[in-house]
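Only one structure is covered here, and it is reproduced in the block below.
Sequence lines set the chain letters: A, B, ... in the order given, protein chains first and strands last, and positions in each chain run from 1.
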2 protein chains.
Amino acid sequence: MSRSTEGGTVSEARTRLLNTATRIFYAEGIHSVGIDRIVAEAKVTRATLYRHFASKEDLVLAYLAQADQAIRGQVAAAQASSPSPDDQVRAVAKSITDGIQSTGFRGCAFLNAAAEYSDPAHPIHQAVLAHRQWFLDTVTGLMAQTDDGVADAAGRHFVMLRDGAMAAGCLFDPKLISDTFLHGVEGIIKARTIPELTGGATASAAKS
Amino acid sequence: MSRSTEGGTVSEARTRLLNTATRIFYAEGIHSVGIDRIVAEAKVTRATLYRHFASKEDLVLAYLAQADQAIRGQVAAAQASSPSPDDQVRAVAKSITDGIQSTGFRGCAFLNAAAEYSDPAHPIHQAVLAHRQWFLDTVTGLMAQTDDGVADAAGRHFVMLRDGAMAAGCLFDPKLISDTFLHGVEGIIKARTIPELTGGATASAAKS
DNA sequence: CAGGATGTAGACCGAACATTCTACCTCCCT
DNA sequence: AGGGAGGTAGAATGTTCGGTCTACATCCTG
């Protein structure tokens, strides 16, 4: 029942478990779904779950790690799609709006998880923070062409708009949200390359 | 133990219950806190809780209704603070950043609730949608001076930025989030009054 | 004074929760 | 041939959940 690859073994039941957990946790939240539900839908027994994951928390952490990997893949693909940094930012933005407009979109898995785990010391909360820091750094890096101070502000601005779009994407018309987001991103890109067009607000912001 | 006012009676235990629920639900989430916890901290018995609220769900609804009222009050105060629509928008933005930088800030009570109640048919989810619709309409109204199409886009843009700021405000440096948000809002205000400065992106956005 | 609304105190309910356990089966690798 | 890892099946753990109930005390008002 296992598939062996060099250096590691992947259990079929484990994959089924993790995929089921991903689907249900994302769609319905974490605290509101019990172990029995996941075990039943993954067609495994409780004993099997606890053979692969130390606890429910461990399963949640694995779910978030998987989501993190998926997003890193999307961003890497966006970076590889064009040599132009501006177009790379646009590609990242497009991958976000694609997600928002996909069926079953339920917001950002990490923001949703943070809403359920408020304690900053909790491992799940920290997993959220780590993912977000990586994303902010990555986007800021994409923004950085010449002026570093402007890139920081532009990166934060982009992430804030993304957070808003992701949060609202499942509470309002996804198409309208996507349009609003993409126009906002265009504004950020333009303001960064021709800062005087924004009346100096963004430029002075970067220095504060 | 009750205070009578014309037309209605306010129970002390009920207020204590609702305030306690508000504090704990906001700080720690909804599914993760039980009735016993609220009952204990409010210094009432379970029987008293169920005398005033039909169920836990009812208590959550009352919590959100109270939060809704508080925010409406803030927005009304912002509207009354100046005759200039631009400054009214700035005042709303300031009330938001004040919240973000206040101790115990834990994000938007409504976004957090939506993360825990994903089913659109659920009364709690619908309470979130209703509040958000009111807020979007109100902000759009503030944006509307002459051009209606631009106001719609500006209102959506403002709310998206707010959502991002509220979501990230408890996951990142609140001061930096507040600055980023306020600069973004200035950009929206300026883009609305002098749309050609944004290269037409915002203007064309409004028409789509 | 009677009665209804409000409250306390605490027992009680069935269900769901996460987690552990024993017992047995079936592969694959050595 | 033997052993360990991965799996099933299902019982059992003790805790917590939301919610109900009885019994009794208080207080305001009609």
Report the distance from atom [atom1] of [X] to atom [atom2] of [N], rounded to the nearest whole Å.
X       : N      : atom1 : atom2 : result
A/Lys56 : C/dA16 : NZ    : P     : 15 Å
B/Leu17 : D/dG19 : CG    : P     : 13 Å
B/Arg37 : D/dG18 : CZ    : C1'   : 16 Å
A/Asp36 : C/dA18 : CG    : P     : 7 Å
A/Glu12 : C/dT26 : CD    : C1'   : 14 Å
B/Arg16 : C/dG7  : CZ    : C1'   : 10 Å
B/Leu49 : C/dG10 : CG    : P     : 18 Å
A/Glu57 : C/dC17 : CD    : P     : 18 Å

Pair B/Lys175 + B/Asp179, salt bridge at N-O below 4.0 Å: yes
Return the nearest nucleotide to the side chain of [X]; candidates are [options].
X       : options               : value
A/Arg51 : C/dG7, C/dA18, D/dG7  : D/dG7
B/Ala47 : C/dG7, C/dG10, D/dG18 : C/dG10
B/Thr48 : D/dT8, C/dA18, C/dT8  : C/dT8
B/Tyr50 : D/dG18, D/dG7, D/dA9  : D/dG18
A/Ala13 : C/dT6, C/dT19, D/dG7  : D/dG7
B/Arg46 : D/dG6, C/dT8, D/dT20  : D/dT20

So, is A/His31 close to the C/dC17 phosphate, meaning a side-chain N or O under 4.0 Å from OP1 or OP2? no
Upstream residue (5' side of DNA chain D) when A/Thr45 and B/Ile30 are each assigned their closest nucleotide: A/Thr45
Quick one: do the A/Asn112 and A/Glu116 side chains pair a donor with an acceptor below 3.5 Å? no
Please give me the minimum heavy-atom distance between B/Val39 and B/Arg46, naming the atom from each residue. CG1-N, 3.8 Å
Across the strands shown, which category fits B/Val39 at heavy-atom distances under 4.0 angstrom: base, sugar-phosphate, nothing? nothing
Can a donor-acceptor pair be found, under 3.5 Å and without considering hydrogens, that links the side chain of B/Thr15 to the backbone of B/Ser11? yes
Any cation-pi pair here, A/Arg162 with A/Phe135, using under 6.0 Å and within 45°? yes
